[in-house]
Protein chains: 2
Amino acid sequence: MAKATIADVAKHCGVSTATVSMVLTNKGRISATTRERVLEAVKELGYVYNQAAANLRHKRSNLVGLVTPDITNPFFSEMIAGLSHYLEEQDSLLFLANAEESVERQSKFIDSLLSQNAGGVVMCPAMETNLDFLETVQSRGFPIVLAVRPIGEDQFDFVGTNNFMGLQLATEHLIKKGHKHIAFVGGLEISKTRSHRLGGYMSKLMEHGIPFNERYIRSCSASRSEGAKVTRELLDQYPEITAIIGYQDIVAFGVMRAIKDLGKTVGKDIAVVGFDDVAESADTNPALTSISVSAREIGRAAGEIILSRMEGDKQPYKSVVFPPKLVVRNSCG
Amino acid sequence: MAKATIADVAKHCGVSTATVSMVLTNKGRISATTRERVLEAVKELGYVYNQAAANLRHKRSNLVGLVTPDITNPFFSEMIAGLSHYLEEQDSLLFLANAEESVERQSKFIDSLLSQNAGGVVMCPAMETNLDFLETVQSRGFPIVLAVRPIGEDQFDFVGTNNFMGLQLATEHLIKKGHKHIAFVGGLEISKTRSHRLGGYMSKLMEHGIPFNERYIRSCSASRSEGAKVTRELLDQYPEITAIIGYQDIVAFGVMRAIKDLGKTVGKDIAVVGFDDVAESADTNPALTSISVSAREIGRAAGEIILSRMEGDKQPYKSVVFPPKLVVRNSCG
DNA sequence: CTGAAAGCGCTTACAG
DNA sequence: CTGAAAGCGCTTACAG
């Protein structure tokens, strides 16, 4: 029993395929009685609509792709949840790619999307992504919305947060608590996001007339153990440090760990602030003060934009920025 | 400039579309010179292969769906990473759905897959999924592989771990350390997986002649705070307890938290074992002894099976089980 | 309100 | 080794 097609349905109730198609898609004027007959035949034959064939015919698509650098990172998985939830509401389907910071894998995935007839893609571009690549894709009429990581100023839709402001909030919080020796731990040097956050950090320091010490800044990859390692070195060399900002919560966890290992108390001897406000941050001991950026909202907003572009929205490119918030808990005393 | 098609390429170099198709798919015998001419035209026109059209024509598909109950759970995101990595290697694309334990959303997603012409689905079925639903889908010739959560004995392919054995390992470890009052915290009562784990726990107890106390068993949802709450109650009522097994690591973190809050020491006063061995477990203080089940491997294996079914593999259904391992760290002294 | 017919971009026997 | 032609399952003007 091969799958039933529109033609089978048509034959079954003595109408044309055009008619069946119209009742299925709610187009044109169909008499109530015909419509019912068709719908009944659909049930009887167990007919399932072939969306792929329809897409081919009218050259549209309800398929959207998502490129993430690391699905395993809680921030991104939250974002995916937000995006996928929205797409589901809109009866759209999501292709997922986990590019793991590889420019090649990312571009291969885009090729697959293109050939699979997807309608657009939301990307958290790998760090080394170059602008030309994205421009080429977009110039072929394939909508892109950048999420989380901006590239190129006004040439793409973007949704994310304001990293600069996030670190201003964190830094200000610490300064107000009286800290003067504030370190910054984490992030990779090539990261644009990191440079924005550093900008927020440094500008706040200057604003308050606190001398800026380059040696208080350390990069490391996104893991607890790296965060802990770098912190041990840092505290060893610069015992005057009384506060540390983690580039991500996960790094901040490592920072806290290192502080405890040195026999000091987080929040008393040394204050710690994170970034991302992942679920776990509310549960550590002490609970981590962090900068909250609503990953789920970013995902949803990205979904809204990509879908509207796929429907032909020709407005100028826009940036949707969710301002970060400072969530005060116990890690700063 | 509309997208180039196979016909444009054919015209451009004066051959038939059949020829172009054959060089594109490496079928049939094509002379080297023709092949080159075609390939050149492809470059020149910026032609991109329309896989969707091809799928429609030969009624195949390289699209696979994945249903997870919670993409935000680290165990599942690891699994997704494993699956997506494998599918990528095989030039297959992944549709992702985050069903959030909703049977309706799950079934809606399957409908979308069907109508989008996907070739199969790997499912971590929502807890209340009923067998009939899955059977109906499968009987329509749509391959399903169940991952992580088994349903129905021999009617589906399955890949996962041996939960019974996992808890036997955990329980035995504690018994060998001399514990006699061992509690079991977490999981939801409707969960099949939980009942398997409970089986492992109880059987090990009996094997060693340790009386089994129903009151030492508590259910709770998968969060730190729930784990902590239940643990406080438990320890309050049954101070004789010296060891607690967490249904998942995340619950075990809550357990450890509650123990500390009571002024006791994890690993000295009370031993704790988790399940899942998520990344974080190596980093808690003390590091959590846990049962490791290779989520990534499960994802990959699920990918292998679904793809082979999609290619027509008609072997009897099989179960691939990765035996869990005990990873000893410091939470049991 | 409904049907006949062409066509979306590809593939696949069948000839030659 | 290559071409002509039918067809995958749908949609869309165009008639009537």
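So that the names make sense, note that chain A is the first sequence line, chain B the second, and so on, each numbered from 1. Hydrogens, waters and symmetry mates are skipped; everything else that's a heavy atom, side chains included, is used.
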Asker: Flag the pair B:E36 and B:K43 as a salt bridge only when some basic side-chain nitrogen lies within less than 4.0 angstrom of an acidic carboxylate oxygen.
Answerer: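 No, B:E36 and B:K43 are not salt-bridged.
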Asker: Assuming nearest nucleotide by heavy-atom distance, tell me which of B:A53 and B:T34 is located more 5' along DNA chain D.
Answerer: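 Checking each residue's closest nucleotide, the 5'-ward one belongs to B:T34.
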Asker: Look at A:K3 and D:dG9 and indicate whether a side-chain polar atom (N or O) is within less than 4.0 Å of OP1 or OP2.
Answerer: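 Answer is no, no contact under 4.0 Å.
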Asker: Does B:T5 put a side-chain nitrogen or oxygen below 4.0 Å from OP1 or OP2 of C:dG9?
Answerer: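 B:T5 to C:dG9 OP1/OP2: no side-chain N or O under 4.0 Å.
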Asker: Measure OH/B:Y49 against P/C:dC10 and give the value in whole Å, please.
Answerer: 7 Å
Asker: Check every atom of C:dT2, D:dT2, D:dG9 against the side chain of A:T19 and return the nucleotide holding the closest atom.
Answerer: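 Output: C:dT2.
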Asker: Ignoring hydrogens and geometry beyond distance, is a side-chain donor-acceptor pair present between B:N26 and B:R35 at under 3.5 Å?
Answerer: yes
Asker: So, OP1 or OP2 of D:dT11: does either fall under 4.0 Å of a side-chain N or O from A:K59?
Answerer: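 No, outside the criterion.
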Asker: A:L56 CG to C:dT11 C1': how many Å, rounded?
Answerer: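 It is 13 Å, rounded to the nearest whole Å.
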Asker: In whole Å, what is the span from the CG atom of A:L24 to the C1' atom of D:dT12?
Answerer: 15 Å
Asker: Between B:R60 (CZ) and D:dG7 (P), how many Å, whole number?
Answerer: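 Interatomic distance, CZ of B:R60 to P of D:dG7: 20 Å.
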Asker: In whole angstrom, what separates A:N55's CG from D:dT11's P?
Answerer: 9 Å
Asker: Within the supplied structure, the quantity of interest is the number of heavy atoms (other residues, nucleotides, ligands) at a distance under 6.0 Å from B:K11 NZ; does it exceed 12?
Answerer: no
Asker: Within a radius of less than 6.0 Å around CD of B:E89, do more than 12 heavy atoms belonging to other residues, nucleotides or ligands occur?
Answerer: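 Yes.
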Asker: Do A:R57 side-chain and C:dG7 base share a donor-acceptor contact under 3.5 Å?
Answerer: yes
Asker: Please convert DNA chain D into dot-bracket. A pair counts if it is Watson-Crick or G-U wobble with both distances under 3.5 Å; crossing pairs go in [ ] and bases paired with another strand get |.
Answerer: |||.||||||||.|||
Asker: Test side-chain contact (heavy atoms from CB on, under 4.5 Å) on B:L131 and B:E135; report intermediate values, then the result.
Answerer: CA-CA 6 Å; B:L131 236 174; B:E135 281 176 339; 3.8 Å; yes
Asker: Quick one, B:N98 and A:I80 - any side-chain contact, counting heavy atoms below 4.5 Å?
Answerer: no
Asker: Please round to the nearest 0.5 Å and tell me the distance separating atom CE of A:M79 and atom CZ of A:R300.
Answerer: 13.5 Å
Asker: To the nearest Å, give me how far apart CG (B:D8) and P (C:dC8) are.
Answerer: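 Those two atoms, CG and P, are 10 Å apart.
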Asker: Pick out which of B:V103, B:I151, B:I110 makes a side chain to side chain contact (heavy atoms under 4.5 Å, CB included) with B:F133.
Answerer: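 For B:F133, the side chain to side chain contact (heavy atoms under 4.5 Å, CB included) test succeeds with only one of B:V103, B:I151, B:I110, which is B:I110.
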Asker: CE of B:M22 versus C1' of C:dC10: gap in Å, rounded?
Answerer: 14 Å
Asker: Does a side-chain N or O of B:S31 approach OP1 or OP2 of D:dT2 to a distance below 4.0 Å, or not?
Answerer: yes
Asker: Can you find a side chain N or O atom of B:S21 that sits less than 4.0 Å from OP1 or OP2 on C:dT11?
Answerer: yes
Asker: Counting only side-chain heavy atoms from C-beta out, which of C:dA4, D:dT11, D:dA5 sits nearest to A:I6?
Answerer: D:dT11
Asker: In residues 37-47 of chain B, what residues come within less than 4.0 Å of DNA chain D, judged by heavy atoms?
Answerer: none
Asker: State whether B:H58 places a side-chain N or O below 4.0 Å from either non-bridging phosphate oxygen (OP1 or OP2) of C:dT12.
Answerer: yes
Asker: What nucleic acid atoms does A:A18 come within less than 4.0 Å of, heavy atoms only: base, sugar-phosphate, or nothing?
Answerer: base
Asker: Considering just the side-chain nitrogens and oxygens of B:K27, establish if one lies under 4.0 Å of OP1 or OP2 belonging to C:dT12.
Answerer: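 Yes, such a contact exists.
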Asker: Cut-off 3.5 Å, side chains only: do B:N62 and B:D91 have a donor facing an acceptor?
Answerer: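 There is no such pair between these side chains.
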Asker: Give the rounded distance in Å between these two atoms: CG of B:N62 and C1' of C:dT11.
Answerer: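 That distance rounds to 15 Å.
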Asker: Are B:S139 and B:T136 linked by a side-chain donor-acceptor pair shorter than 3.5 Å?
Answerer: no
